[in-house]
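Comments concern the structure below.
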Amino acid sequence: MSKLKMPVRSPGVDMTPMVDLFSLLLTFFMLTTSFRPSEAVQVDTPSSISEKKTPEKNVITLLISKDNKVFFNFDNGADSNSHMRSALLKMIGDYYKISFTPQELKKFENLSSFGVPMAKMKDWINAPDQKVRDGLSVNGIPTDSTAIGSELQMWIHFARLTNPEAEAAIKGDFASDYKVVKKIMDILQDKKINKFDLTTNLEKVEVKAKDIK
Amino acid sequence: MAEIIESGGGKKQGGKKRPKKHSTHVDMTPMVDLFSLLLTFFMLTTAFSKPKVMEIVLPDKIKDQKDIKAPEVDKDKVLNIIIEDDKAFWYNGMAAPDKETKQLPKLTAANFSKDGIRKVLLLRNKNLFLKIDDFTQEVLKGKIKLPKDSVDKRLKQFKKEDKSGPIVLIKAGDNVKYGNLVDIIDEMAICNIARYAIVNISPEEKQMLATAKALLPPTPAAKKQKLNKRVL
């Protein structure tokens with residue numbers, strides 16, 4: 001380095017390799033990252049040996065928290081220009097005779113999973129921050145059926161109408177009751193969704209042939 | 001980015017012009033700061049393992065049940081599993097009273113561990129399991145070279161052709177957690193069970209379950225587990 005005669009003043013560390021490494025790692029992480037979507041509830045999924053990947057688009061996600069509340073999520077479709085979420089909200093708003101302003105529809109599009117009854121939907125969308133939203137979604141989406149069907153049923157029904165390609169995925173907590181899951185599976189079957197996914201964690205299990213000999 | 005030219009601390013003493021001694025060092029400290037900050041951020045927010053999904057297929061719901069008969073199944077092949085209280089109770093055949101003893105079949109309790117219900121399933125499904133195991137071993141060793149799609153297709157065909165394996169009927173009692181259901185479906189996948197279905201529990205089976213549960217000795221471990229669960 002210093003073959004030139006330099007004043008011995010700055011004992012600088014050569015940071016070039018460090019920068020090289022950092023920029024490399026940084027690029028790697030920036031390219032591979034996919035942000036953890038924030039969800040309305042924390043769900044600990046059970047584990048299975050299935051290696052099928054979660055589809056990213058066209059999914060109706062039904063989250064079940066460990067205290068058996070049901071949350072709903074729906075994505076914007078194949079690309080965000082399809083505006084599936086706002087279309088869905090508009091449709092279900094018409095059904096329940098609640099009109100949403102274009103600003104509210106737009107805002108709803110950028111939000112994620114929710115668990116509020118329709119009556120509180122407007123408050124939920126217009127809530128200033130996530131804390132208020134969490135406060136509103138203490139009960140999840142009502143699943144008890146009235147004469148015309150529960151709100152959850154309506155959400156699934158309209159979600160299928162808005163995006164016929166959408167598949168259903170149940171993301172339940174391992175400690176949630178089977179009865180709630182059963183109820184949801186019944187609704188899905190009623191809506192002619194007979195094939196759906198259960199979100200799980202990957203777990204390796206090996207069974208050797210000699211175990212059964 | 002700042003470029004520091006170490007020329008000896010500014011102009012001193014009347015500006016006697018010297019030829020510049022340059023060492024063109026770029027001060028990279030701010031850059032490193034920024035990079036490490038961003039790097040930490042991305043490392044912490046990134047989610048490497050994406051959640052996986054397990055696909056299940058349910059039959060069409062039949063609204064009008066009058067005209068449709070339940071499919072006939074070979075009684076000897078049926079293996080019933082009733083899940084309840086973190087346990088899997090199993091019995092063979094149908095939930096009908098025995099012709100001679102007039103008693104309902106007895107349930108055997110098993111747990112979800114490696115030696116529990118899995119052993120029962122593996123023994124019943126031995127033929128198919130070994131066949132599939134041989135095949136996958138050979139694929140892994142490279143003796144059979146096939147693309148992944150056709151491997152999957154072949155496995156499906158094995159399952160379709162199989163006649164020896166059991167028909168597993170999964171039923172859930174009253175006190176079942178969703179995790180248990182996933183566990184049992186997962187066991188089906190682990191043991192390569194070709195035919196299984198999730199069905200509703202019948203009144204007879206509820207009765208059988210009650211008797212089996214009454215017979216079950218409450219082990220200290222189970223009691224402790226229950227207490228722990230309550231605390232949780």
Side-chain angles (χ1 to χ4, degrees), chain A residues 2 4-7 9-10 12 15-16 18-19 22-23 25-26 29-30 32-36 45-55 64 169 171-182 185-186 188-190 192 194-203 205 207-209 211-212, chain B residues 4 6 8-9 21-23 25-29 31-32 35-36 38-39 41-43 45-61 83 114 118-119 122-123 126 129-130 133-134 137 172-183 185-186 189-191 198 229 232:
Chain A
S2 49
L4 294 164
K5 254 191 187 176
M6 283 219 309
R9 219 183 301 128
S10 78
M15 292 204 191
T16 328
M18 192 168 162
V19 170
F22 271 25
S23 50
L25 283 174
L26 189 59
F29 277 107
M30 275 174 81
T32 54
T33 204
S34 61
F35 289 102
R36 275 184 206 141
T45 50
S47 45
S48 82
I49 57 160
S50 173
E51 283 179 22
K52 201 185 159 215
K53 283 201 183 98
T54 322
I64 305 158
K171 189 175 181 184
D173 197 285
F174 69 94
S176 58
D177 272 337
Y178 170 67
K179 278 177 197 160
V180 184
V181 183
K182 170 90 182 141
M185 294 204 295
D186 278 343
L188 289 174
Q189 268 184 301
D190 277 338
K192 296 261 184 284
N194 288 323
K195 192 174 132 190
F196 48 84
D197 297 331
L198 303 177
T199 309
T200 52
N201 284 332
L202 185 63
E203 159 198 63
V205 173
V207 179
K208 303 245 165 55
D211 290 353
I212 46 169
Chain B
I4 295 179
E6 295 176 5
K21 284 180 190 167
H22 27 216
S23 88
H25 263 287
V26 179
D27 185 14
M28 292 201 190
T29 331
M31 192 168 159
V32 170
F35 272 23
S36 51
L38 284 173
L39 188 62
F41 171 72
F42 277 106
M43 274 174 78
T45 51
T46 202
F48 268 116
S49 62
K50 268 195 189 155
K52 303 284 194 267
V53 291
M54 173 162 126
E55 201 178 76
I56 64 169
V57 183
L58 297 177
D60 260 334
K61 233 184 195 179
I83 40 177
K114 177 163 130 289
R118 189 177 303 166
K119 223 163 200 176
L122 280 177
L123 279 175
K126 205 170 169 181
F129 183 83
L130 289 178
D133 193 59
D134 281 348
Q137 285 302 324
D174 290 325
N175 183 20
V176 179
K177 296 287 175 210
Y178 168 67
N180 289 145
L181 179 81
V182 174
D183 281 345
I185 301 176
D186 198 34
I190 294 168
C191 303
I198 304 167
K229 261 186 194 164
L232 278 173

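No hydrogens, no waters, no symmetry mates; every other heavy atom, side chains included, goes into these values. Naming: A, B, ... by sequence-line order, numbering from 1 per chain. Keep in mind it's a predicted model, so treat the numbers as computed, not measured.
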Which atoms of Ile198(B) approach chain A - backbone, side chain, both or neither, heavy atom under 4.5 Å: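 It is the side chain, since no backbone atom gets that close.
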Leu39(B) versus chain A, heavy atoms under 4.5 Å apart: side chain, backbone, both or neither?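 Both backbone and side chain.
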Set of side chain to side chain donor-acceptor pair (under 3.5 Å) partners for Ser50(A), sequence neighbours left out: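 Testing Ser50(A) for side chain to side chain donor-acceptor pair (under 3.5 Å), a comparison that skips the adjacent residues, returns none.
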With sequence neighbours left out, write down each residue that passes side chain to side chain donor-acceptor pair (under 3.5 Å) with Asn194(A), or none if nothing qualifies.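 Only Asp60(B) meet the side chain to side chain donor-acceptor pair (under 3.5 Å) criterion with Asn194(A).
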Val57(B), Asn175(B), Ile190(B), Leu58(B): which one forms the most heavy-atom pairs within less than 4.5 Å of chain A?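 Most heavy-atom pairs under 4.5 Å with chain A: Leu58(B).
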Option that, when pairs with chain A are counted at under 4.5 Å, heavy atom only, ranks first among Leu38(B), Ile56(B), Val32(B):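 When all of Leu38(B), Ile56(B), Val32(B) are compared, Ile56(B) has the most.
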Which region of [X], side chain (C-beta onward) or backbone (N, CA, C, O), has a non-hydrogen atom less than 4.5 Å from a non-hydrogen atom of chain B, or is it both or neither?
{"X": "Thr16(A)", "answer": "both"}
{"X": "Val205(A)", "answer": "side chain"}
{"X": "Met30(A)", "answer": "both"}
{"X": "Thr45(A)", "answer": "neither"}

Checking the side chain of Asp173(A) only, and the main-chain atoms of Ala175(A) only, is there a donor and an acceptor separated by less than 3.5 Å?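 Pair found, side chain donor or acceptor close to backbone of Ala175(A).
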Are [X] and [Y] packed together at the side-chain level, in the sense that at least one heavy-atom pair is separated by less than 4.5 angstrom?
{"X": "Pro55(A)", "Y": "Asp197(A)", "result": "yes"}
{"X": "Met185(A)", "Y": "Phe196(A)", "result": "yes"}
{"X": "Asn180(B)", "Y": "Tyr178(A)", "result": "no"}

Would you mind telling me which of Ile64(A), Val180(A), Asp177(A) has the largest number of heavy-atom pairs within less than 4.5 Å of chain B?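 Heavy-atom pair counts peak at Asp177(A).
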So which atom in Pro46(A) and which in Val182(B) form the shortest heavy-atom distance, rounded to 0.1 Å?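 Here Pro46(A) and Val182(B) meet closest at CG-CG2, 3.6 Å.
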